[in-house]
Undergrad: 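Sharing a structure, written as structure tokens. Questions coming.
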Number of protein chains: 2
Amino acid sequence: MGAYPPCIDVAELENSELGQSGGITQQVHTKLISRARPVIFTRTMNPDIRRERENATFNPEILTNILDGNVEKTRRRREIESLVISDPDFQHDDLNFMSRSERYDAALKKSTLMIQKLREYGIADPEEIFFYKRCVHRGFPEPLDLHLGMFLPTLLNQASPTQLDTFFTPAWNLEIVGTYAQTEMGHGTHIRKLETTATYDPSTQEFVLNCPTVSSIKWWPGGLGKTSNHAIVLAQLYTQGRCHGLHAFIAPIRCMKTHQPLPGVTVGDIGPKFGFDEIDNGYLKLDNVRIPRENMLMKYAKVEPDGTYLKPPSDKLTYGTMVFIRAIIVGESARALSKSCTIAIRYSAVRHQSELQPGEPEPQILDYQAQQYKLFPLLATAYAFTFVGQYMSNTYHRITGDIDQGDFSELPELHALAAGLKAFTTWTANSGIEVCRMACGGHGYSRCSSLPDIYVTFTPTCTYEGENTVMMLQTARYLVKSFRQAREGQRLSGIVSYLNEPQRLQPRPVSSRPTVVNINDLNSLVEAYKIRAAKLVEMAAKSLQGELQRSKSQEDAWNNSSIELIRASDAHCHYVVVKLFAAKLSEVSDTAVHTVLSSLALLYTLHGVAVNSGDFLQAGLLNVPQLAQITQRIKALLEEIRPNAVALVDAFDYRDKMLNSVLGRYDGNVYENMFEWAKRSPLNRTEVHESYYKYMKPLQSKL
Amino acid sequence: MGAYPPCIDVAELENSELGQSGGITQQVHTKLISRARPVIFTRTMNPDIRRERENATFNPEILTNILDGNVEKTRRRREIESLVISDPDFQHDDLNFMSRSERYDAALKKSTLMIQKLREYGIADPEEIFFYKRCVHRGFPEPLDLHLGMFLPTLLNQASPTQLDTFFTPAWNLEIVGTYAQTEMGHGTHIRKLETTATYDPSTQEFVLNCPTVSSIKWWPGGLGKTSNHAIVLAQLYTQGRCHGLHAFIAPIRCMKTHQPLPGVTVGDIGPKFGFDEIDNGYLKLDNVRIPRENMLMKYAKVEPDGTYLKPPSDKLTYGTMVFIRAIIVGESARALSKSCTIAIRYSAVRHQSELQPGEPEPQILDYQAQQYKLFPLLATAYAFTFVGQYMSNTYHRITGDIDQGDFSELPELHALAAGLKAFTTWTANSGIEVCRMACGGHGYSRCSSLPDIYVTFTPTCTYEGENTVMMLQTARYLVKSFRQAREGQRLSGIVSYLNEPQRLQPRPVSSRPTVVNINDLNSLVEAYKIRAAKLVEMAAKSLQGELQRSKSQEDAWNNSSIELIRASDAHCHYVVVKLFAAKLSEVSDTAVHTVLSSLALLYTLHGVAVNSGDFLQAGLLNVPQLAQITQRIKALLEEIRPNAVALVDAFDYRDKMLNSVLGRYDGNVYENMFEWAKRSPLNRTEVHESYYKYMKPLQSKL
């Protein structure tokens, strides 16, 4: 069974059904309870955390519904989660007590079971599959991730009808298990320089696949090392003596009967990483591996039997997937950060330490301003990113409709926005998780806190699907281009329309400028973020121009303006986030929830001003006395949010089993459970470790 | 054997003996070579990294000597390192391929061997033991750390002569293996609230030790779980019905013959952590464990046979060790960051990616301004912290002399400085390591980069030996006290003497104020940091005063000023760092080294201004146009440092075996070695993983 002794399942039940024990929400409780399992009111809930919930000024259930989308979505998500959590097939020992090979084994077991059960239950909606999968693997990656998330979708999008007939059903039935082998040892984000080749041989009507150098070995694809028997290989296509750039080929890599690597195929696991123990990221070296002509994915580009190459009709067709994945990552940033905040804030509510008043009992550490100043801006950020994630997902789905009808007009803006926001949110969440961990004292460092796992599982998002610095520069390219268009008299629309307003952008001395910001007004602050972004885009454009005047090439000028360009992108993304957070407030009708979300939005916004005060002073948007007022206002907001902090993380609605954190337990009973967890550590299997007999005892007799 | 195939040992040799292959240093080379092993000039060095070394403008050997202290110290350090590296007893497989139990086993084996060999070689100087130990364990913690670093020293400092006779020799001979059990599950930094009790029973002349609650279980001490048979237990002393606060007791916890836990003792490993796999951090629950009266450490405080308590003569006596350890941690910050920079900069010199000019070969990623802007300020920080570490260590040793003569006058300042600098440097290094890791692309995430290990081994320094936020507030307390003393007319001396200058601290509108900073002059910038610190200390003091006027208690006023207090400490520490870096330059006589260190010092200082520009604008130390000039100056410095970047990390002089990083290899041959490393991954022991037969094959027949 899982990490907790049976007595605690009562609180687990409470967590799932009674996540709303604030006084004002008793009605909701009763309703929920009446349609749920019989409830035993636990007597074990930590009194501090119970009091926190009683003192909340809003009903977290309403907020949960907003986060899920609506009441029905919350209900269905919980229903699916319960399916998994109550399923004895998915129980196992704590992953932290296993070796890497055991963790891979456990994950593959769950993945294969999951495929069967999803079919059994008839769960087919992508969002519902996602809920189910996330719950089965508790947020960890798994060996079939790329089969389900890349291999099958790529077949659907890029295979010809004949190819679909050949490959899809076996892949659907897991006879073919596939991965997507793009990244090579020497190239990740800059895919044009991938070195693997596919050379067409018309005499046999085959492609010959080769990884001609060490750096061209396929490296990193998930599930490639041990799990997959096929891979979609991205390779430079050569036919009739010419290179036609990257194309996708289906390469069998292991025997479908024995699972042994095929001739010419060197395949294996790339070794331990910082996390991702459940997944066999792999390498693949191909030496003169021949595949039939029909194994090139030919929905768009084609190679005819004689070797004639036919171009694809448009190169924008693969654009959308990239945007979609980056939009998803924005949501993952919110998720990683909201989990971390849940753990750190709940633990801070039950942990007592040090003293505020001599002789008084030790206060909850959540009462320390320094602790609030660490955690509450991150809590606000988690909400902000959740709403940004919703926006990105909705916009993607809206634009996808247009794309299907051949209208690509909104895609460049969304593409630029997804790139920047992917970088902006992952960097912020990445450092935020660590702030949460360190806010838990030493115990945050224990694997039982779950915070190390959240970090190592999340941090690769800063690099994969587009390295963050490259992403920021992509967004900057769009911003500078838009800025130039506006200067040339074009009227910009969409989110960059603020670059239309040159009158706002003249620098003036700080003191002579009328203050434009009302620090108590969210809309005024959003306006200030907008002007800051406009100002920094202008500075980046001017830097580029200046470099060009020093008779540099376009490329050198671009490289020598990177600092300004990245700053501009960052400011643009920050503006988008505050704007979307403010916009979300208008959709919230419940007064109590509106009030507390407004405090969070204002805190997020003012904290950003304080951290970047140089920019706002420089742009003449703030004056010096306002800086001190902002600090005071932030302090007042910390006090406002304090009584609702636990309810605000409860609203994220992570069950104990999914959070898997002793520190973040819903019932707050941290220490006794930490002791129980530690007793099960592999080093405690024997009282005396064998190394004592091997090294210590012999030495004692010698010295 | 280690992580690399035999052919690479040639480069390893080069690394150890030829770390200075710049053109101008050929003489030094020849000298070194002549007294070393026969040298085979490797043909395998990556040409990019060779060219970097040829183009350096200074001799890294001279800089290495400065970092070590002098030429002789460099020689001796290398001699000791060679002893370990060439010792076949200390070779083993890559730790990343082992389970936690195997890693503990390997570490204990090396620890016990190390004790024997140190005696064999007669290495007794603490610094030399430190070199040896660091090399044996490659910077990882080890099971005897607390025995050597806390148990033995505490005996020496706090045991009476009789107690020394009883305990020291057995401990020296490892019959007694001890740890230092202070931290409890519920209390770390705030030790006054520790709950473990030692109650004196005069009828038997024994102390009765108890951990009365779950939160009072001793938790975290290194070596406690499985290794130690004794612990120095910190407990609240009760005698004659009164509590006399924390005292130290020697408690036997395991049988010295069988190593089984003694009656009343529950002891074990606290379970897996984020790193520290080699060490058995443990728990200890004591239930009515009786120890003789003589087991209380009685050099200072005493309990007489009848239970009469005798106070210690001074409570400042344990103060010094704390300062010493924090000073050491400042040096560890420098070390962790310099290792990370070595890896990231060397890899950035051999990694080619993307394009600056269309059609041209891919440039080294070190040529990207964005990459330089990530790494060079961190490189400068690594140098800055190294010099601060040297200063702290020297000052400690100087002041220790005074303390031995009963002069404690300089201790409070050093104590406050050590607290703040411990927090300032560990936080900076902690995030800096991760920037270095992410600057290596996906491969930084592989365990073969060593960056994940550097991070998880370093990050606990932010929490242990005084939690960082608490440390910052301690420093703030000293600063505010000093500020008040100055306002009351006292003349401050030492590092806080800048608080004597009130005329500098009047805020004025930014534009009307004459600019005080010359951004090209290091001394002028140091002055600006000083005024910024003074300004922020004043703001913190005013916040405190304001809170008090709102009729709050001292304690509430303090809590409600935490944000300003921490900012003040941070600015103070930042000032100290730039001041010490600037001061160090005056000691450097070699012109070429002086030039390159000056660029680093200016970069460190200007980068700090840019990041905290709001503070400098607010204090009227900068005007808006200067901000753009600073960006330009920073860019120029990046270009200046670029040709010396590899030589600057070479000067840190980490051998490949100690760095243990495929990306950071001295010879730059990254990719072929990454492939060799991956092939040895445990998941590659069989071509087909057993889970295929268990889950995948049965499923394929079912679907």
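Computed over heavy atoms, backbone and side chain alike; hydrogens, waters and symmetry mates excluded. Within every chain, numbering begins at 1; the chains are lettered A, B, ... in the order of the sequence lines, protein sequences first and strands thereafter.
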Undergrad: Contact between B/His443 and A/Trp220 at the side-chain level, heavy atoms closer than 4.5 Å - yes or no?
TA: yes

Undergrad: Let me know if B/Tyr368 has heavy atoms under 4.5 Å from chain A in its side chain, its backbone, both or neither.
TA: both

Undergrad: Using a cut-off of under 4.5 Å for heavy-atom pairs, which of A/Glu564, A/His352, A/Arg351, A/Glu690 has the most such pairs with chain B?
TA: A/Glu564

Undergrad: With chain B as the partner, which of A/Lys635, A/Met438, A/Glu672 has the greatest number of non-hydrogen pairs under 4.5 Å?
TA: A/Lys635

Undergrad: Counting only heavy atoms from other residues, nucleotides and ligands, does the tally under 6.0 Å from CD of A/Gln116 exceed 12?
TA: yes

Undergrad: Is A/Leu699 in contact with chain B via its backbone, its side chain, both, or neither, using a 4.5 Å heavy-atom distance?
TA: side chain

Undergrad: When the aromatic ring centroids of B/Tyr671 and A/Trp219 are compared, is their separation below 6.0 Å?
TA: no

Undergrad: So what's closer than 4.5 Å to chain B heavy atoms on A/Ile217: side chain, backbone, both or neither?
TA: side chain

Undergrad: If we define contacts as heavy-atom pairs under 4.5 Å, which of A/Gln353, A/Met674, A/Gln632, A/Met539 has the most with chain B?
TA: A/Gln353

Undergrad: So what's closer than 4.5 Å to chain A heavy atoms on B/Leu451: side chain, backbone, both or neither?
TA: neither

Undergrad: Given that the side chain runs from C-beta out, which part of A/Ser553 has a heavy atom under 4.5 Å from chain B: side chain, backbone, both or neither?
TA: side chain

Undergrad: Measure from NZ or CZ of B/Lys679 to the centre of the six-membered ring of B/Phe675 and say whether it is under 6.0 Å with the direction within 45° of the ring axis.
TA: yes

Undergrad: Is it the side chain or the backbone of A/Ile566 that comes within 4.5 Å of chain B heavy atoms, both, or neither?
TA: side chain

Undergrad: Locate the shortest heavy-atom distance separating A/Thr227 from A/Pro143; write the atom from each residue and the value.
TA: OG1-CB, 3.6 Å

Undergrad: Quick check for you: among B/Asn684, B/Thr112, B/Val688, B/Leu174, which has the greatest number of heavy-atom pairs under 4.5 Å with chain A?
TA: B/Asn684

Undergrad: So which of B/Ala678, B/Gly546, B/Pro272 has the biggest tally of heavy-atom pairs under 4.5 Å with chain A?
TA: B/Pro272

Undergrad: At a 4.5 Å cut-off on heavy atoms, which part of A/Thr463 comes close to chain B: side chain, backbone, both, or neither?
TA: side chain

Undergrad: Chain B heavy atoms under 4.5 Å from A/Met256: which part of the residue, side chain, backbone, both or neither?
TA: backbone

Undergrad: Do A/Thr213 and A/Met185 make a side-chain contact, defined as non-hydrogen atoms from C-beta onward lying under 4.5 Å apart?
TA: no

Undergrad: Under a 4.5 Å heavy-atom cutoff, which of A/Tyr373, A/Trp427, A/Tyr692 has the most pairs with chain B?
TA: A/Tyr692

Undergrad: Would you check if there is a donor-acceptor pair between the side chains of B/Lys374 and A/Thr469 at a distance under 3.5 Å?
TA: yes

Undergrad: If you tally heavy-atom pairs under 4.5 Å against chain B, which of A/Pro460, A/Ser613, A/Pro682, A/Gly188 wins?
TA: A/Pro460

Undergrad: Identify which part of B/Lys226 has an atom lying under 4.5 Å from any heavy atom of chain A, answering side chain, backbone, both or neither.
TA: side chain

Undergrad: Check whether A/Thr631 gets within reach of chain B through its side chain, its backbone, both or neither, counting any heavy atom under 4.5 Å.
TA: side chain

Undergrad: Quick one: which of B/Leu473, B/Thr189, B/Val456, B/Val611 has the most heavy-atom pairs under 4.5 Å with chain A, could you say?
TA: B/Val456

Undergrad: Please determine, among B/Arg119, B/His190, B/Gln554, the option with the most heavy-atom pairs under 4.5 Å with chain A.
TA: B/His190

Undergrad: When you measure from the side chain of B/Asp280 to the backbone N and O of B/Asp269, does any donor-acceptor pair fall under 3.5 Å?
TA: no

Undergrad: Among B/Asn560, B/Val470, B/Thr686, B/Leu113, who wins on heavy-atom pairs under 4.5 Å with chain A?
TA: B/Asn560

Undergrad: Let's test your reading of the structure: which of A/Ser681, A/Pro452, A/Ser354 forms the most heavy-atom pairs below 4.5 Å with chain B?
TA: A/Ser354

Undergrad: Mark yes or no for whether A/Asn173, through its side chain, and A/Glu175, through its backbone, hold a donor-acceptor pair below 3.5 Å.
TA: no

Undergrad: May I ask you to decide if A/Ile563's main-chain N or O and B/Gln369's side chain share a donor-acceptor pair within less than 3.5 Å?
TA: yes

Undergrad: Could you go step by step and tell me if A/Phe97 and A/Trp677 meet the ring pair (Phe, Tyr, Trp, His ring centres under 6.0 Å) rule?
TA: CA-CA 10 Å; A/Phe97 298 151; A/Trp677 181 85; 5.0 Å; yes

Undergrad: Under 4.5 Å from any heavy atom of chain B, what part of A/Asn430 do you find: side chain, backbone, both or neither?
TA: side chain

Undergrad: Do A/Phe276 and A/Asn281 come within less than 4.5 Å of each other through their side chains, counting heavy atoms only?
TA: yes

Undergrad: Any side-chain heavy atom of B/His689 within less than 4.5 Å of one from B/Met696?
TA: no

Undergrad: Counting only non-hydrogen atoms closer than 4.5 Å, does A/Leu565 touch chain B with its backbone (N, CA, C, O), its side chain (CB onward), both, or neither?
TA: neither

Undergrad: Is any side-chain heavy atom of B/Lys109 less than 4.5 Å from a side-chain heavy atom of A/Ser691?
TA: no

Undergrad: Can you find a pair of side-chain heavy atoms, one from B/Asp453 and one from B/Asn96, that are under 4.5 Å apart?
TA: yes

Undergrad: So which of B/Pro698, B/Gly442, B/Gly444, B/Ser561 has the largest heavy-atom pair count under 4.5 angstrom toward chain A?
TA: B/Gly442

Undergrad: Quick check on A/Glu467 against chain B: is it the side chain, the backbone, both or neither that has a heavy atom closer than 4.5 Å?
TA: side chain

Undergrad: By a 4.5 Å heavy-atom criterion (distance strictly below it), what part of B/Glu362 contacts chain A: side chain, backbone, both, or neither?
TA: side chain

Undergrad: Using non-hydrogen atoms and a 4.5 Å limit, figure out which bit of A/Thr183 sits close to chain B: side chain, backbone, both or neither.
TA: neither

Undergrad: Could you tell me which portion of B/Thr258 (side chain, backbone, both or neither) has an atom closer than 4.5 angstrom to a non-hydrogen atom of chain A?
TA: backbone

Undergrad: Is it the side chain or the backbone of B/Val177 that comes within 4.5 Å of chain A heavy atoms, both, or neither?
TA: side chain

Undergrad: What part of A/Arg254 lies closer than 4.5 angstrom to a heavy atom of chain B: side chain, backbone, both or neither?
TA: side chain

Undergrad: Need one label for A/Phe616: side chain, backbone, both or neither, based on atoms under 4.5 Å from any heavy atom in chain B.
TA: neither

Undergrad: Within a strict 4.5 Å, meaning less than it, do heavy atoms of the B/Thr459 and A/Arg437 side chains meet?
TA: yes

Undergrad: Is the shortest side-chain N to carboxylate O distance from A/Lys694 to B/Asp105 below 4.0 Å?
TA: yes

Undergrad: Quick check: do A/Glu434 and B/Tyr455 have side-chain heavy atoms less than 4.5 Å from each other?
TA: yes

Undergrad: Pick one of side chain, backbone, both or neither for A/Arg685, based on which atoms fall under 4.5 Å of a heavy atom in chain B.
TA: neither

